[in-house]
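To keep things clear, I will list the structure first and then write my remarks on it.
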Amino acid sequence: MTIVDTPERRQLRELTRAFVTREVLPHLADWERSGEVPRSLHETAARVGLLGIGFPESVGGSGGDLLDSIVVTEEIIRSGGSSGLIAALFTHGIALPHIIAAQDEHLIDTYVRPTLGGTMIGALAITEPDGGSDVAAIRTCAVRDGDHYVVNGAKTYITSGVRADFVTTAVCTDFPGSGSLSLLVIDKGTPGFTVGRRLEKLGWHCSDTAELSFVDVRVPMVNRVGPEDTAFLAVMQQFAAERLSLATQAYATAQRCVDLAVRWCRDRSTFGRPLASRQLVRHRLAEMHTRAEAARAYVHEVAERVARPLQLGASGAAPRPGAVGGQPVVTEVAMAKNVAVAACDHVVDAALQLHGGFGYLRDAEVERHYRDARILGIGGGTTEIMNEIIAKGMGL
Ligand SMILES: Cc1cc2nc3c(=O)[nH]c(=O)nc-3n(C[C@H](O)[C@H](O)[C@H](O)COP(=O)(O)OP(=O)(O)OC[C@H]3O[C@@H](n4cnc5c(N)ncnc54)[C@H](O)[C@@H]3O)c2cc1C
């Protein structure tokens, strides 16, 4: 029995599978066409206890830790869901953690509880039209005016930004590009804050993605998350959970595509024999399965270290910056993301090829995974940025 295979987590898998079968599969194709998932899905996911997994009950969550969130992600994809669905339904996984970490009761009551209850949708806006990899170079600025900030700038590629009731927004609180960052929670409907465009994409079709514009937007100072100018470190620390979620989506997508390909190769005959009887095909499937399994094992190993409770140093000092859950795993998280994304890229391509012409059709589930997978090496920090982190971790 592995750490993600306890009796409680098996129950969580069953709950997730039942949710996907009943609430997602009959509608996913429609949501892919309409470009978003309905609000009612958030309410249903909250009612069955899935939306709040990984969030403490004290802030309205269902309890559980990172490993429980991983179980939910794995099972959604294994049951026929998709990484796009996870991006749309669980955007709060990136929009809320900074607010919870800041322990601000006003913000927790106003935004966290309703979001985990399924009645509000949040988004996280860091990336700007001028660039996303260099977070310190953010140019959207907030200038103090009495008990408000006045925000000007633009954000782009923001997941759930079209539907979001609020956006946890990274702003510069000194001169543009200074790296002095703060996070402000900005409400939909605040004068000057508009969704400029709903962006059309290669994949993740059921997840809406927005371009946001801020023109003299007045945001109350009480909507600042944590102390001024401390958001850079907060953003970097929360990236670990986002990257592990994307890594999980990557190996889970790979494993689902292995399952789809195995089924297809058993059923499909060419030249009088099932594809699965050909040694070339069998070896290809074996290699796909091996890559998905190896990625899963490594991501689990890193996730377990991240999930360990905060350990203070012998002196009682807080862990050094970059540590997550007390464990300095920033480099390992970057490696886990790259390993899982590489496995996924290989497997989705091979799985589509094994499906032949059918793999290229909208009717084929593997076609959706092939398109959806491409973002996993871009979002939450690109493969190249992960390599930069790994190289630094090697002392280079
Ligand atoms: C569907 C989708 C959803 C997204 N959701 C969100 C969201 O909810 N919130 C949010 O804030 N952002 C979101 N993003 C943005 C995403 O995080 C960024 O696209 C990503 O971080 C890369 O930033 P960029 O696109 O500006 O690329 P750039 O930073 O311009 O990089 C372009 C290319 O150059 C490479 N590169 C950059 N710097 C270096 C270097 N030093 N050395 C070598 N290569 C380098 C990159 O790896 C990349 O290949 C989303 C993006 C997409 C497509």
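Being a predicted model, the structure only gives us computed values, none of them experimental. When reading the values below, keep in mind they use all heavy atoms of this one structure, side chains included, and skip hydrogens, waters and symmetry mates.
- Formation of a donor-acceptor pair under 3.5 Å by the Glu128 side chain with backbone atoms of Thr140 is found in this model.
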- Going through the distances and angles, do Gln255 and His289 end up as a side-chain contact (heavy atoms from CB on, under 4.5 Å)? CA-CA 7 Å; Gln255 193 57 59; His289 181 52; 3.4 Å; yes
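- Among residues two or more places apart in sequence or in another chain, the side chain to side chain contact (heavy atoms under 4.5 Å, CB included) test is passed with His205 by Glu32, Arg362, Arg371.
- No single ILVMFWY cluster, assembled from side-chain heavy atoms under 4.5 Å apart, contains both Val20 and Leu260.
- Side-chain contact between Arg273 and Arg278 is present, with heavy atoms from C-beta onward closer than 4.5 Å.
- Atom CZ of Phe19 is surrounded by more than 12 heavy atoms from other residues, nucleotides or ligands within 6.0 Å.
- Under a 4.0 Å N-O distance rule, the pair Glu287/Arg284 does not qualify as a salt bridge.
- In this structure, Arg266 places its CZ atom where only 12 or fewer heavy-atom neighbours from other residues, nucleotides or ligands lie under 6.0 Å away.
- The hydrophobic cluster containing Val299 does not contain Val258, counting ILVMFWY residues as joined when their side-chain heavy atoms lie under 4.5 angstrom apart, directly or transitively.
- No path of Ile, Leu, Val, Met, Phe, Trp and Tyr side chains, each step under 4.5 Å between heavy atoms, connects Tyr157 with Phe90, placing them in separate hydrophobic clusters.
- Looking at Lys201 and Thr209, their side chains do bring a donor and an acceptor atom within 3.5 Å of each other.
- Counting heavy atoms from C-beta on, the side chains of Val37 and Val24 never come closer than 4.5 Å.
- You'll find the side chain of Leu361 stays beyond 4.5 Å of the side chain of Glu367, heavy atoms only.
- Atom CZ of Arg282 has 12 or fewer neighbouring heavy atoms from other residues, nucleotides or ligands inside a 6.0 Å radius.
- Separation of atoms CD (Glu105) and OG1 (Thr110) is listed at 10.0 Å; rounding is to 0.5 Å.
- The two residues Glu23 and Thr44 have their closest heavy-atom pair at CD-CG2, 3.7 Å.
- Put simply, CG on Leu66 and OG1 on Thr248 are 7.0 Å apart, with the number rounded to the nearest 0.5 Å.
- Using a 3.5 Å distance cut-off with no hydrogens or angles, the side chains of Asp104 and Tyr111 do not pair a donor with an acceptor.
- A donor-acceptor distance shorter than 3.5 angstrom exists from the side chain of Lys155 to the backbone of Ile126, with no hydrogens or angles considered.
- Residue Thr168 holds its OG1 atom at 7.0 Å from CG of Leu183, rounded to the nearest 0.5 Å.
- Minimum interatomic distance between Arg243 and Gly380 (heavy atoms only, all atoms of both residues): NE-O, 2.6 Å.
- Formation of a donor-acceptor pair under 3.5 Å by the Arg268 side chain with backbone atoms of Gly356 is not found in this model.
- In the hydrophobic clustering of ILVMFWY residues, with side-chain heavy atoms under 4.5 Å counting as a link, Ile77 and Leu15 come out together.
- A salt bridge does not link Glu43 to Arg47: none of the charged side-chain nitrogens sits closer than 4.0 Å to a carboxylate oxygen.
- Grouping the Ile, Leu, Val, Met, Phe, Trp and Tyr side chains by contacts below 4.5 angstrom, directly or via other members, places Leu246 apart from Val330.
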- Query: Could you walk me through whether Tyr298 and His300 pass the ring pair (Phe, Tyr, Trp, His ring centres under 6.0 Å) check?
  - Reply: CA-CA 5 Å; Tyr298 185 57; His300 278 191; over 10 Å; no
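- Judged by distance alone, the side chain of Arg224 and the main-chain N or O of Leu184 form no donor-acceptor pair under 3.5 Å.
- Between the side chain of Asn338 and the backbone N or O of Thr383 there is at least one donor-acceptor pair closer than 3.5 Å.
- Contact check for Val135 versus Met236: side-chain heavy atoms found under the 4.5 Å cut-off.
- By the 4.5 Å heavy-atom criterion applied to side chains, Phe214 and Val171 are not counted as neighbours.
- Residues Ser160 and Arg163 bring a donor and an acceptor atom of their side chains to less than 3.5 Å of each other.
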- For Glu14 and Arg17, what are the C-alpha separation, side-chain angles and deciding distance, and is it a salt bridge (charged side-chain N to carboxylate O under 4.0 Å, His left out)? CA-CA 5 Å; Glu14 277 168 30; Arg17 199 174 314 134; 5.7 Å; no
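- Asp65 and Arg9 are joined by a salt bridge, as a carboxylate oxygen and a charged side-chain nitrogen come within less than 4.0 angstrom of each other.
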- Item | Worked verdict on Glu228 versus Tyr149 for side-chain contact (heavy atoms from CB on, under 4.5 Å) | CA-CA 11 Å; Glu228 198 171 82; Tyr149 286 101; 2.5 Å; yes
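- Interatomic distance, CG of Leu116 versus CD of Glu57, reported as 11.5 Å (0.5 Å rounding).
- A donor-acceptor pair under 3.5 Å links the side-chain atoms of Asn152 to the main chain of Asp216, judged by distance alone.
- Ionic pairing of Arg296 and Glu293 is present here: one or more N-O contacts between side-chain nitrogen and carboxylate oxygen are shorter than 4.0 angstrom.
- At least one donor-acceptor pair closer than 3.5 Å links the side chain of Thr169 to the backbone N or O of Val167.
- Side-chain contact between Phe55 and Val112 is absent, with no heavy atoms from C-beta onward closer than 4.5 Å.
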- Determine, step by step, whether Ile76 and Thr73 satisfy the side-chain contact (heavy atoms from CB on, under 4.5 Å) criterion, reporting the C-alpha distance in whole Å, the side-chain angles of both residues, the deciding distance to 0.1 Å, and the verdict. CA-CA 5 Å; Ile76 286 178; Thr73 301; 6.0 Å; no
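- In this structure, Thr91 contributes its side chain and Ala88 its backbone to a donor-acceptor pair below 3.5 Å.
- Other residues, nucleotides and ligands contribute only 12 or fewer heavy atoms inside 6.0 Å of the OH atom of Tyr360.
- Between the His92 side chain and the Leu51 main chain, a donor and an acceptor come within less than 3.5 Å of each other.
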- Item | Residue pair Leu50, Leu12: steps toward the side-chain contact (heavy atoms from CB on, under 4.5 Å) verdict | CA-CA 9 Å; Leu50 281 181; Leu12 184 57; 4.1 Å; yes
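- The distance from the CD1 atom of Ile99 to the NE2 atom of His106 is 10.0 Å, given to the nearest 0.5 Å.
- In this structure, Leu212 and Thr156 have side chains that are not in contact, with every pair of non-hydrogen atoms separated by 4.5 Å or more.
- Checked by atom type and distance alone, the side chain of Asp208 pairs as donor or acceptor with a backbone atom of Val162 at under 3.5 Å.
- For the pair Arg33 and Asp30, the salt-bridge criterion is met [side-chain N within less than 4.0 Å of a carboxylate O].
- The two atoms that bring Ala351 and Val366 nearest to each other are CB-CG2, 3.7 Å, heavy atoms only.
- In this structure, OG on Ser213 lies 9.0 Å from CZ on Phe193, to the nearest 0.5 angstrom.
- Heavy atoms only, all atoms of each residue included: Cys206 and Gly84 are closest at SG-C, 3.6 Å.
- Counting heavy atoms from C-beta outward, Thr190 and Phe166 have side chains that stay 4.5 Å or more apart.
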